[in-house]
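Everything on this sheet refers to the single structure shown next.
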Protein chains: 2
Amino acid sequence: MAKIKPKKQATLSDIAANVGVAPMTVSRVMNGNGYVSEETREKVMRAAKEMKYRRNGLAHNLKRQRTDTIGLVLGDISNPYSTELANAIRETLSARGYNLFICISEHSAKEDIAAFESLVNHSVDGLIVATRSNKGGDEYLKEIVESNVPVVVIGRDFQHKSVDFVSTDNLNGGFEATRHLIDLGHRRIGFIGATLSGGSSLKRLQGYLKALEQYKIPVDERLITGRKEAISEVPGYSTEKMGYEGMKRLLSLPNRPTAVFARNDFTAIGAITAIKEAGLKIPEDIAMVGFDDIPLAVHTSPALTTVRQPMRLQGQLAAEMLLQRIEREEPEQRRERILNCELIIRNSTV
Amino acid sequence: MAKIKPKKQATLSDIAANVGVAPMTVSRVMNGNGYVSEETREKVMRAAKEMKYRRNGLAHNLKRQRTDTIGLVLGDISNPYSTELANAIRETLSARGYNLFICISEHSAKEDIAAFESLVNHSVDGLIVATRSNKGGDEYLKEIVESNVPVVVIGRDFQHKSVDFVSTDNLNGGFEATRHLIDLGHRRIGFIGATLSGGSSLKRLQGYLKALEQYKIPVDERLITGRKEAISEVPGYSTEKMGYEGMKRLLSLPNRPTAVFARNDFTAIGAITAIKEAGLKIPEDIAMVGFDDIPLAVHTSPALTTVRQPMRLQGQLAAEMLLQRIEREEPEQRRERILNCELIIRNSTV
DNA sequence: ATTTGGTGTGTTAACGATAACTTTTGTAAC
DNA sequence: GTTACAAAAGTTATCGTTAACACACCAAAT
């Protein structure tokens with residue numbers, strides 16, 4: 001046996017030279033295809049083990065023209081929503097023989113682009129995007145799509161003829177949540193966490209507005225709190241803090257709301273803290289509805305009324321749609337799947 | 001201009017053929033180095049844009065012999081601990097020009113191996129591992145390390161001369177948490193969430209035992225709940241559920257504990273739910289201490305006394321140590337960094 | 001004795017990009 | 001008019017792997 005190279009990875013040729021065969025023969029041994037005599041196989045195996053051989057995936061994938069890898073770009077991974085999504089996607093892909101690489105982008109265009117770029121640079125076979133929409137990121141994503149990388153988006157705006165779309169019915173969820181409060185007799189209903197981005201929270205706000213309109217309750221702008229900045233500048237955010245601060249503002253109003261719908265459960269939890277700090281009772285003084293039904297919603301006190309969205313199902317569908325795009329020949333039409341969500345009534349409203 | 005190819009990615013050669021120059025010239029234009037006339041540059045740029053050219057990262061990285069990408073393998077991403085870690089790592093790497101790919105492995109050897117393999121196959125420049133230790137996974141990890149991939153582990157067992165190690169002082173944290181309860185006069189103190197894996201929770205249990213010993217309090221096995229299965233079979237777990245069920249068991253004891261130390265905050269939150277369900281008061285009937293100081297710890301009712309560990313710092317250090325290994329020539333000794341943690345006293349104990 | 005066909009192995013060329021080298025062209029200096 | 005040298009290209013070889021083909025060799029079948 002020749003000396004083992006000091007630092008570098010051993011290659012097929014290294015082993016071939018060592019054993020005294022052609023690199024192709026080593027390749028055959030490693031991949032277990034083609035004819036190789038038992039004697040040669042053993043010699044090669046031994047040398048490979050000794051030299052700590054490990055196939056170079058870049059070269060392998062370059063030759064194969066595929067990587068069996070999917071990229072997922074997530075925004076806020078602190079949110080159990082993202083977590084469940086990621087797990088469902090991973091499980092679905094894993095069952096079909098694909099790996100999943102996750103990149104985080106805390107909602108800035110720059111980070112979105114960096115994430116897209118690094119995944120595409122590694123030649124992922126497809127991309128699932130679940131960040132909030134923003135101008136720069138979307139432009140870059142469009143380029144990627146048009147250079148023929150299969151893409152599916154989850155719960156965010158992105159109109160493109162060859163990009164599939166999975167989401168929950170945030171509009172109707174927001175509507176149901178608000179209607180629930182109206183049915184309970186509330187007329188001054190606040191909304192916490194409005195943003196201008198074209199994502200799910202906008203839809204939830206629209207559902208809120210729709211419910212008010214349908215029940216002829218005038219909209220009071222002061223009851224709607226949130227962030228008004230331009231989409232592209234939105235930094236990493238803490239929705240819990242947003243809920244806390246939003247609620248503070250609502251509580252300081254001369255005529256404070258008797259009920260509040262928060263854009264998501266974290267926001268609601270922050271709001272609950274503010275309400276308790278003010279010495280008020282939930283739901284007697286202020287009723288509270290969240291969105292998502294994160295695992296902790298049942299543990300807050302009082303347990304949180306919220307809108308449950310099928311997180312796992314969204315991930316699963318997105319993964320399946322992406323694989324279909326990857327594995328099918330025919331270019332398809334854009335597909336949209338908008339899933340129903342469900343109002344879960346707990347003690348924060350009744 | 002020639003016709004645009006129907007589905008495939010355009011390559012340098014495609015553009016070269018289209019414009020009527022050599023591939024190398026196109027490469028020069030794309031990378032902005034070497035001499036290219038303004039005229040040619042423009043023609044090439046135009047063609048590239050039209051053909052939606054995108055550099056093949058596999059080929060590029062194969063040639064470069066590096067990817068500027070680091071892989072992170074996480075266990076439970078539902079835990080804010082992992083989240084913070086990931087964010088800190090990403091920020092540190094990003095500042096140094098590296099990308100981060102995250103793989104999830106819900107604590108099974110099979111998934112660990114799959115994650116390691118897919119990252120190494122993509123030739124990441126280094127690997128940060130923050131999963132729980134398990135036999136199969138560790139063996140595979142050893143192979144990877146010995147084939148010269150730089151690796152750093154966080155908060156988990158893995159002894160290897162060329163693998164750096166970052167963790168918090170879980171032993172002392174467990175000790176302090178328990179001592180706090182002892183100082184408050186408690187003598188029957190439960191522990192929820194023991195596991196046999198060589199990770200952080202074992203150390204926390206040891207800290208608990210050490211405190212009992214030091215204060216001459218006899219250990220009552222019945223007060224220690226957890227999972228006894230073999231390490232390699234541990235499935236995806238819900239620590240919250242573990243806390244709930246563990247607490248139920250403790251409550252059913254003839255002589256129930258007056259205080260409980262939970263392996264982490266999620267477990268503590270589950271335990272709190274069980275305590276409340278039993279109609280008992282915290283901390284009057286049962287005092288509760290958690291570990292991690294997740295953002296929600298301050299929002300539980302009562303707010304949770306817990307041991308804060310510097311999550312961001314751990315991530316940052318791990319990333320820096322890894323980059324040093326990658327960028328330095330000299331092979332170094334194994335380095336260990338064990339960070340202090342801090343007891344945060346809130347209302348669940350006093 | 002020759003065909004057939006499986007077995008074992010080597011050779012070549014590609015995957016896409018690019019470093020290093022070579023060639024050609026233009027043009028300013030002597 | 002020749003030299004000199006920068007500018008603008010082209011050519012070759014390589015990163016590590018592998019598909020496709022070529023070529024031995026040997027046993028069984030004709």
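All chains are named by letter (A, B, ...) in the order of the sequence lines, taking the proteins before the strands, and each is independently numbered beginning at 1.
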Fill in the blank from the handout: Hits for ring pair (Phe, Tyr, Trp, His ring centres under 6.0 Å) against Tyr81(B), two or more places apart or cross-chain, chain-then-number order -> none
Practice task
Could you list the residues that satisfy side chain to side chain contact (heavy atoms under 4.5 Å, CB included) with Met30(A), not counting sequence neighbours?
Solution key: Leu12(A), Ile15(A), Val26(A), Val44(A), Ala48(A), Tyr53(A)
Handout entry: Where DNA chain C forms stems, i.e. three or more consecutive Watson-Crick or G-U pairs with both distances under 3.5 Å
Key = C:1-30 with D:1-30
Fill in the blank from the handout: Arg335(A) meets the salt bridge (charged side-chain N to carboxylate O under 4.0 Å, His left out) criterion, sequence neighbours left out, with Asp164(A), Glu332(A)
Anything under 3.5 Å between a protein N or O and an N or O of nucleotides 12-18 of chain C, put it in a table, one pair a line.
unit_1	atom_1	unit_2	atom_2	d
dC15(C)	O3'	Gln65(A)	OE1	3.4
dC15(C)	O3'	Gln65(A)	NE2	3.2
dG16(C)	OP1	Gln65(A)	NE2	3.1
dG16(C)	N2	Ala59(B)	O	3.4
dA17(C)	OP1	Tyr53(B)	OH	2.5
dA17(C)	OP1	Asn56(B)	N	3.1
dA17(C)	OP2	Leu12(B)	N	2.6
dT18(C)	OP1	Arg55(B)	NH1	3.4
dT18(C)	OP1	His60(B)	NE2	3.3
dT18(C)	OP2	Ser27(B)	OG	3.2
dT18(C)	OP2	Asn31(B)	ND2	3.0

Handout entry: Sequence neighbours excluded, every pair satisfying salt bridge (charged side-chain N to carboxylate O under 4.0 Å, His left out) that has a member inside residues 136-147 of chain A
Key = Lys135(A)-Glu139(A), Asp138(A)-Arg156(A), Lys142(A)-Glu146(A), Glu143(A)-Arg54(B), Glu146(A)-Lys52(B)
Completion exercise
The complete set of ring pair (Phe, Tyr, Trp, His ring centres under 6.0 Å) pairs with one or both residues in residues 110-162 of chain A, sequence neighbours excluded, reads His122(A)-Phe101(B), His122(A)-His122(B)
Handout entry: All side chain to side chain contact (heavy atoms under 4.5 Å, CB included) counterparts of Asn121(B), not counting sequence neighbours
Key = Glu117(B)
Practice task
Could you tell me whether a side-chain N or O of Asp125(B) sits under 3.5 Å from a main-chain N or O of Asp68(B), the two making a donor and an acceptor?
Solution key: yes
Could you list the protein-to-nucleotides 3-7 of chain C atom pairs, N/O on both sides, closer than 3.5 Å?
unit_1	atom_1	unit_2	atom_2	d
dT7(C)	OP2	Tyr35(A)	OH	2.6

Exercise for the section: Keeping the roles fixed (side chain from Glu111(B), backbone from Ile104(B)), state whether a donor-acceptor pair exists under 3.5 Å. Expected result: no
Exercise for the section: Compare all side-chain heavy atoms of Leu72(A) with those of Leu119(A) and state whether any distance is below 4.5 angstrom. Expected result: no
Handout entry: Intermediate values then yes/no, salt bridge (charged side-chain N to carboxylate O under 4.0 Å, His left out), Glu320(B) and Arg96(B)
Key = CA-CA 9 Å; Glu320(B) 281 166 7; Arg96(B) 301 269 241 106; over 6 Å; no
Completion exercise
Between Gly137(A) and Ala109(A) the two heavy atoms that sit nearest each other are N-CB, 4.0 Å
Problem - Side chain Thr67(B), main chain Asn61(B), donor-acceptor under 3.5 Å - result: no
Exercise for the section: Using modelled atom types only, decide if a donor and an acceptor are shared between the side chain of Gln316(B) and the backbone of Thr92(B) within a distance under 3.5 Å. Expected result: no
Practice task
Name the first nucleotide and the last nucleotide along DNA chain D (5' to 3') that come under 4.0 Å of a heavy atom in chain A.
Solution key: dG16(D) to dA20(D)
Set out, line by line, the N/O atom pairs under 3.5 Å between protein and nucleotides 21-25 of chain C.
none

Fill in the blank from the handout: So the ring pair (Phe, Tyr, Trp, His ring centres under 6.0 Å) pairs with at least one residue in residues 12-41 of chain A (sequence neighbours excluded) are none
Practice task
Starting from the C-alpha separation in whole Å, work towards a yes-or-no answer on side chain to side chain contact (heavy atoms under 4.5 Å, CB included) for Ile154(A) and Ile128(A).
Solution key: CA-CA 7 Å; Ile154(A) 301 180; Ile128(A) 300 177; 3.7 Å; yes
